[in-house]
Amino acid sequence: MFPRRLAAGEGMFLLIRSPHGGFAAREVTEYMCAGQQEPHVEIFQPNTDRCRDFEERAINAAVIFSLVKQREDKVPLDKMRVKVSDIEKQFNRAITDKDIRR
């Protein structure tokens with residue numbers, strides 16, 4: 001937690017909505033910063049079916065993207081390759097090579 005006092009010329013107000021629909025404004029003299037914001041995207045539990053399905057679709061998309069890029073670069077069909085290490089780098093090593101090979 002990080003306390004912060006407001007400067008003399010710095011005005012800050014908090015707009016509060018009541019459960020009945022009314023609004024009230026209160027002056028803020030100091031505040032503490034703590035916690036985290038609720039994520040706006042779904043966060044999967046590790047090693048669940050939904051998580052593995054999401055990882056599999058992301059890996060498939062990365063492989064297809066790599067192959068399309070090679071085709072645009074005019075790489076011959078017999079020399080087109082996708083390395084596991086390249087896919088692993090795309091995901092910043094968040095997905096291991098074991099999961100990619102699966």
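Since the structure is predicted, the reported quantities are computational estimates derived from the model, not experimental observations.
Between the CZ atom of Arg26 and the CG atom of Leu15 there is a distance of 11.0 Å, given to the nearest 0.5 Å. Note: Ile59 CD1 to Arg101 CZ = 11.5 Å, rounded to the nearest 0.5 Å.
Linking ILVMFWY residues whenever their side-chain heavy atoms come closer than 4.5 Å, directly or via other members, leaves Phe13 and Ile16 in distinct clusters. Under the 4.5 Å side-chain heavy-atom criterion for grouping Ile, Leu, Val, Met, Phe, Trp and Tyr, Ile100 is not connected to Ile64 through any hydrophobic cluster.
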Could you tabulate the donor-acceptor pairs under 3.5 Å formed by side-chain atoms of residues 48-55, not counting sequence neighbours?
unit_1, atom_1, unit_2, atom_2, d
Thr48, OG1, Gln45, O, 3.0
Thr48, OG1, Cys51, N, 3.3
Asp49, OD1, Arg52, NH1, 3.1
Arg50, NH1, Glu42, OE2, 3.1
Arg50, NH2, Glu42, OE1, 3.0
Arg50, NH2, Glu42, OE2, 2.4
Arg52, NH2, Asn47, O, 2.6
Asp53, OD2, Arg57, NE, 3.3
Asp53, OD2, Arg57, NH2, 3.3

With a cut-off of 3.5 Å and sequence neighbours excluded, list every side-chain donor-acceptor pair involving residues 75-88.
unit_1, atom_1, unit_2, atom_2, d
Arg81, NH1, Asp78, O, 3.1
Arg81, NH2, Asp78, O, 3.4
Glu88, OE1, Arg93, NH1, 3.4

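Annotation for Phe91 and Ala62: closest pair CE1-CB, 4.0 Å, computed over non-hydrogen atoms.
Among residue pairs with one or both ends in residues 13-24, none qualify as salt bridge (charged side-chain N to carboxylate O under 4.0 Å, His left out); sequence neighbours excluded.
The hydrophobic cluster containing Phe65, built from Ile/Leu/Val/Met/Phe/Trp/Tyr side-chain heavy atoms closer than 4.5 Å, comprises no other residue.
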